[in-house]
Protein chains: 2
Amino acid sequence: MASWGKRLAGVRGVLLDISGVLFDGSEDGGVPIPGSVEAVARLKRSQLKVRFCTNESQKSRGDLVRLLRHHGFDISESEVTAPAPAASLILKERGLRPHLLVQDGVRSEFDQIDTSNPNCVVIADAGESFSYQNMNKAFRVLMELESPVLISLGKGRYYKETSGLMLDVGAYMKALEYACGIEAEVVGKPSPEYFRSALKEMGVEAHEQAIMIGDDIVGDVGGAQRCGMRALQVRTGKFRPSDERHPDVKADGYVENLAEAVDLLLQHADE
Amino acid sequence: MASWGKRLAGVRGVLLDISGVLFDGSEDGGVPIPGSVEAVARLKRSQLKVRFCTNESQKSRGDLVRLLRHHGFDISESEVTAPAPAASLILKERGLRPHLLVQDGVRSEFDQIDTSNPNCVVIADAGESFSYQNMNKAFRVLMELESPVLISLGKGRYYKETSGLMLDVGAYMKALEYACGIEAEVVGKPSPEYFRSALKEMGVEAHEQAIMIGDDIVGDVGGAQRCGMRALQVRTGKFRPSDERHPDVKADGYVENLAEAVDLLLQHADE
């Protein structure tokens, strides 16, 4: 451990993934990962800057923060980078009118967006709303467009809930890409623009200064590293032992959980 | 037309796609494509050998034939190559015990197959059964296997029913491939083994002797041509005008419908 702990020297800002790092979700709200509430509190008492960088797209940012505060986390909406508000901004800038394939919980993020006569499709982690009927509706909207635009809030393969692994939005993005012969635009990790917007909010440079802590070897670790950041993978959430032998991505370090990551950061960041 | 009609010389066996060529499906049984009942009858009165080569995987072969006979088509079970019975044979040969993500209508094709303690997943065109819950169940079965095997009955992108375009099994195959990081084995068009098994049943050589008639530029036309066959695309079913400018596949000829294809075949095959 000590061997790579030195790689943490100079860190000034920490990006934290939420699901699988702070807590494991479930239909009835989920449970905090042991030690994570205290770990976040310790980070926020330190000199390090902290920002939460999530691909959560089932809930609005407000609902997510309320849930986390209920679990005891010290977190506010302004500290969270989430794909739905980021996508909402992009839709406004480009004058896009989306057909939304999302759960009701996140629909409020698009309240200011014109959804009449759609000229694009936005898909989020829609869970049970990924019915055949809803997928076929989104497919037909895309096939009727001359230049189909598909925006996907993240492209995760799966995530872990207390009941087990759950298919994530990326699988359904691939289904629509294949059916329509198109490529989706991803808003969320591992898109470099998304990481950069989170770093900008925090006022920290990717190189030398920033580190990402996540449970997804590709979306969190690989994505952050491609932006020039360091990245740790926690052995919680959807972590699988085979991740440590991933053919393309190697984390700067692997830790049991967020608590251990924070221990190491507070020990080495000042070096 | 006459310019390419000569390419039909020497044809001895005709493979016919069913959906989009013989009839357009719908929830309540579908409607024959005008002229197709008579075109099949004329083909069968001719010297040409005929076989039906379908990717239909919602219904058992028996139910499909009953439906077609109800619409007036001269067709029997022994003349049909369909992916579910082909997959059933493969499962038996390889000792695979499938978790089935299929519609109830096709389940009888797997009656002889042990489905306890599954060591593979078989997906078919499952329509409404492609719920999130069913997809997640199939995903979890695959993720629990050391060497996951996914068998997909076809890999079509979409097909056309009277109500409009419908997502086909290929989209859901891609979703599971991506989520699990695996590649599916396809049983059905455009798999070369599948075309070859149909040709063998008919006793006709791919080169020089056989022609495929279908509405799918990739699955029917491209697949058959890669086996050395000639292939016509009909402008019925899911045909779209852009198919005639497809970047990779060019049919040997395009016809309005099966009736025109049979006219030309009967005129030129003997040349």
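Letters A, B, ... mirror the listed sequences (proteins, then strands); counts begin at 1. On a predicted model such as this, the values are computed, not experimentally measured, just so you know.
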Point to revise | Over 12 non-hydrogen atoms of neighbours within 6.0 angstrom of NZ in B:K238 | key: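 It does: B:K238 NZ has more than 12 such atoms within range.
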
Check your understanding: Heavy-atom count around A:Q133 CD within 6.0 Å, excluding the residue itself: above 12?
Key ->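 No, because the 6.0 Å sphere around CD of A:Q133 holds 12 heavy atoms or fewer from other groups.
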
Review point. Considering all heavy atoms of both residues, which atom of A:F139 and which atom of B:L165 are nearest to each other, and what is their separation?
Key: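 Looks like CE2-CB, 3.7 Å.
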
Practice item. Might you point out which heavy atoms bring B:A171 and A:A175 nearest each other, and give the distance in Å? Key: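 Shortest heavy-atom separation between B:A171 and A:A175 comes out as O-CB, 3.2 Å.
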
**Study point:** Top of B:S129, B:G181, B:S163 for chain A proximity - count of heavy-atom pairs under 4.5 angstrom
**Key:**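 It is B:S163.
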
Point to revise | Largest heavy-atom contact set with chain A, pairs under 4.5 Å, which of B:E128, B:R140, B:M143, B:K155 | key: B:R140

Practice item. Could you grab the distance from atom OG of A:S131 to atom CG of B:N134, nearest 0.5 Å is fine? Key: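 If I round to the nearest 0.5 Å, the distance is 12.0 Å.
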
Check your understanding: Can you check whether B:L167's main-chain N or O pairs, donor with acceptor, with A:Y132's side chain at less than 3.5 Å?
Key ->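 Confirmed, A:Y132 side chain pairs with B:L167 backbone.
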
Exercise for review: Could you tell me whether the side chain of B:Y178 and the main chain of A:M173 form a donor-acceptor pair under 3.5 Å?
Suggested key: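 A pair under 3.5 Å: no.
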
Practice item. Using non-hydrogen atoms and a 4.5 Å limit, figure out which bit of A:F130 sits close to chain B: side chain, backbone, both or neither. Key: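 Both the backbone and the side chain of A:F130 come within 4.5 Å of chain B.
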
**Study point:** Parallel, tilted or perpendicular: ring planes of B:Y172 versus A:Y172, cut at 30 and 60 degrees
**Key:** perpendicular

Check your understanding: Would a 4.5 Å heavy-atom cut-off, applied to side chains only, mark B:M135 and A:M135 as touching?
Key -> no

